[in-house]
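First comes the structure, then the notes that go with it.
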Amino acid sequence: MRMSDVIRQLRHEQHTVRSRPRLLHRYEAFLPVSESTPPLSLGEGFTPLLHARTLGRAIGCPQLFVKFEGTNPTGSFKDRGMVLAVAKAMEGGAKAVICASTGNTAASAAAYGAAAGMEVIVVLPAGQTAAGKLLQAQAAGARVVAVDGNFDDALRIVRELVAAADPRHPLTLVNSVNPLRLEGQKTGAFEVCDDLGGAPDYLAIPVGNAGNISAYWAGFTAYRSAGMVETAPVMLGFQAEGAAPLVTGQRVEHPATVATAIRIGDPASASLARRARDESGGRIDAVSDEQILDAYRDLARHEGLFVEPASAASVAGIRQLAAAGEIDPGATIVCVLTGHGLKDPDTAKRNALPPVSASATVDGVYEALGW
Ligand code: F0G
C-alpha cells in the first residue's frame, strides 16, 4: 500500500472508530447499565489474549492461550467489576465506597473512586499487601486502614461497617459480594470468546475469594444462552496450597503462601464457584508455592509476561494437570493471568538476577557481561 493510502485509511478509521469503545458500552446488552449510568471509564478491559507458544509446547499443550489482565488501568482484572460497581454507586448518589482487600481490589476501588470524586476507604490485613498495590491505593488518596488480622477479618469488618453505617454517612460496599462486581467481571469471558471466535475447551483461573471464577462462568453461560457461542468451557480453578478451602473443604485459619493475593481462608463466593465447577464438569485444585513461582518465572522469561505471583496459579495448575495426563493435548486452553508483576516488586526481586556493576566504559561492560 502507498503511504498516502495508508494515511487515508488511518484518517477514515479515526472518524469511524475514534477511540476504543468503553467496556461497559460494548457489552451493555449483558450488563445492568442504562442511559442514566455515568460513563465512567479509565480504559479498562480489551486485554490481550496471547498464544503462549513456547510455554504451551513445554507443557505439552500447544493450544495454550493466556489472557493478560495486567494491562488493565490499575494492573488487575478487578477494574472490570469496579468500573461497574462505582458507576452504579454514582448513579445512586453514593459519596463513599469501602472494601476489604489483599491489595488489588483496594488499588482498583481507590482509582475508580477517585475518578468518581468519592471518598474511598480500604481495609487491608496488615503486612500482607504487596508494595505496589498499597502504593496505588495511597497515591489515589484512599483512606487505608491496616488491621491486625487476615483478609477474612477485614471483609467481616467492612460488612459490619456498611450494615451499621450512619444514614448521614452511607457506605457502598465494593467487594465482590456486591453482585455488580461479578456482573462487570463477566466481560472477561465475553472477550475470550470474541477473540477466539468461540469458547475455549478449558478456562483456567486462580481462585481466592472465588468471585472471578464465578463471574467467568456466568459470562460464558450468558454468551451461550444468547447464541453468541455454542459451547462453554470446562472451568479449572486453582487455589494456593495452604490456602485452599475449596479443595480441602476446610476453612483455612492461617494460610501462608507466596501468592498473597489469593490468601483467603473462607471464600465469599464459594458456593457460586462450586456451581461453576460442577455445571462445567471442571475442578478446583491446589498448587504449591514452588509450582506458582516456577510458572511465574517461566511466563516472564519465555513469554515476556511479567505477572504477579497469584496470577501464575492458572498456568501452574495447567502444567500439573498436563503432567498427570488429565488434559487433552489438542485442547484450546485459556489461562487467566489476573494481575501485573509490578504489583509485587519484592517477590520479583527475590526471583531475579541482580544487576552486575561495571565501570562506565565499553570494556567495563564487556567484562561485566563476561564476553
Ligand atoms: N488473582 C489476583 C491477582 C487477585 O488479586 C485475586 C483476588 C485473585 C486472583 C482471586 O480472585 O478473589 O475473585 O477468586 N484478590 C482480592 C483482592 C481478594 O482483595 O484484591 P477471586
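All values below come from the heavy atoms of this structure, side chains included, with hydrogens, waters and symmetry mates left out. Counting starts at 1 for both ligands and their atoms, following the listed order.
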**Item:** Contact atoms of ligand 1, heavy-atom distance to Ser101 under 4.0 Å
**Value:** 17 (C), 19 (O), 20 (O)
**Message:** Tell me the protein heavy atom at minimum distance from atom 13 (O) of ligand 1, and give that distance in Å.
**Reply:** Asn212 N, 2.8 Å
**Prompt:** For the side chain of Glu303 and the backbone of Thr54, is there at least one donor-acceptor N/O pair under 3.5 Å apart?
**Reply:** yes
**Request:** Anything under 30° is parallel, anything over 60° is perpendicular, the rest tilted; go ahead and classify Tyr366 against Trp371.
**Result:** perpendicular
**Complete:** ligand 1 to Val207, heavy atom cutoff 4.0 Å, flagged ligand atoms 14 (O)
**ligand 1 atoms in contact with Glu308 (distance to a heavy atom under 4.0 Å)** = 3 (C)
**Prompt:** Nearest protein heavy-atom contact for atom 2 (C) of ligand 1: which residue, which atom, what distance?
**Reply:** Thr338 OG1, 3.4 Å
**Prompt:** Does at least one non-hydrogen atom of Ser176 fall below 4.0 angstrom from an atom of ligand 1?
**Reply:** no
**Fill in**
Tested for side-chain contact (heavy atoms from CB on, under 4.5 Å) against Gln239, the lone hit among Asp285, Ile284, Ile264 is Ile284
**Message:** With a 3.5 Å distance limit and no angle check, can you tell me whether Ser269 reaches the backbone of Leu272 through a side-chain donor-acceptor pair?
**Reply:** no
**Message:** Is there a polar contact between ligand 1 and Gly208, counting only N or O atoms under 3.5 Å apart?
**Reply:** yes
**Request:** Using distance alone, determine whether Lys78 and ligand 1 share an N or O pair under 3.5 Å.
**Result:** yes
**Prompt:** If you measure from the Lys or Arg side-chain nitrogens to the Asp or Glu carboxylate oxygens, is any gap between Arg156 and Asp153 under 4.0 Å?
**Reply:** yes
**Item:** Qualifying residue, where the test is side chain to side chain donor-acceptor pair (under 3.5 Å) with Glu191 and the options are Lys186, Arg80, Arg26
**Value:** Arg80
**Asked** So, Lys88 and Glu183, do they make that salt bridge, N to O below 4.0 Å?
**Response** no
**Prompt:** How close does the nearest protein non-hydrogen atom get to atom 20 (O) of ligand 1, and which residue and atom is it?
**Reply:** Thr105 N, 2.8 Å
**Request:** Within a distance under 4.0 Å of any heavy atom of Gly211, pick out the atoms of ligand 1 and give their elements.
**Result:** 13 (O), 14 (O), 21 (P)
**Message:** Does this structure show an ion pair linking Glu308 with Lys133, if we count only N-O contacts that are shorter than 4.0 Å?
**Reply:** yes
**Complete:** Among non-hydrogen protein atoms, atom 8 (C) of ligand 1 lies closest to Ile262 CG2, 3.3 Å
**Message:** With heavy-atom distances below 4.0 Å as the criterion, list the atoms of ligand 1 near Thr102.
**Reply:** 15 (N), 16 (C), 17 (C), 18 (C), 19 (O), 20 (O)
**Any Ile264 heavy atom less than 4.0 Å to ligand 1** = yes
**Complete:** Ala210 heavy atoms within 4.0 Å reach ligand 1 at atoms 12 (O), 14 (O), 21 (P)
**Request:** Output yes when a side-chain donor or acceptor of Asp344 lies under 3.5 Å from a complementary backbone atom of Ala130, and no otherwise.
**Result:** no
**Request:** May I ask you to check whether Ala310 has an N/O atom sitting below 3.5 Å from an N/O atom of ligand 1?
**Result:** no
**Complete:** re atom 5 (O) of ligand 1, the protein heavy-atom contact at minimum distance is Asn104 ND2, 2.8 Å
**Request:** Classify the angle between the aromatic ring planes of Phe30 and Phe190 as parallel (below 30°), tilted (30 to 60°) or perpendicular (above 60°).
**Result:** tilted
**Asked** What protein heavy atom is closest to atom 12 (O) of ligand 1, reported as residue, atom name and distance in Å?
**Response** Asn209 N, 2.7 Å
**Message:** If you measure every N or O of Phe77 against every N or O of ligand 1, does any of those distances drop under 3.5 Å?
**Reply:** no
**Item:** Presence of salt bridge, Arg319 and Asp298, under 4.0 angstrom
**Value:** yes
